[in-house]
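Values below: every heavy atom of this structure, side chains too, minus hydrogens, waters and symmetry copies. Residue numbers run from 1 in the order of the sequence given.
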Amino acid sequence: MRAEQGPAAASSAKKKFLNLTDQDELTRLRKEVEQLRMEREILKKAAVFFAEEL
């Protein structure tokens, strides 16, 4: 039985097969997802703020 199991193990196994271009794109997309999640949270808070003012 392998010591590594679960999503982390699958992710590290996939990384071995990605070329540099794919790795760069994956890194860029992960950063973009993080940015979009932060923006979505800000917009949620703004919507609540302005809804309370009405």
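Pairs passing the salt bridge (charged side-chain N to carboxylate O under 4.0 Å, His left out) check and including a residue from residues 31-40, sequence neighbours excluded, read R28-E32. Contacts classified as salt bridge (charged side-chain N to carboxylate O under 4.0 Å, His left out) and involving residues 41-54 (residues at least two apart or in different chains) are given here: E41-K44.
With sequence neighbours excluded, the residues forming a side chain to side chain contact (heavy atoms under 4.5 Å, CB included) with D22 are L18, N19, listed by chain and number.
Residue-environment remark: CG (L29) exceeds the threshold of 12 foreign heavy atoms within 6.0 Å.
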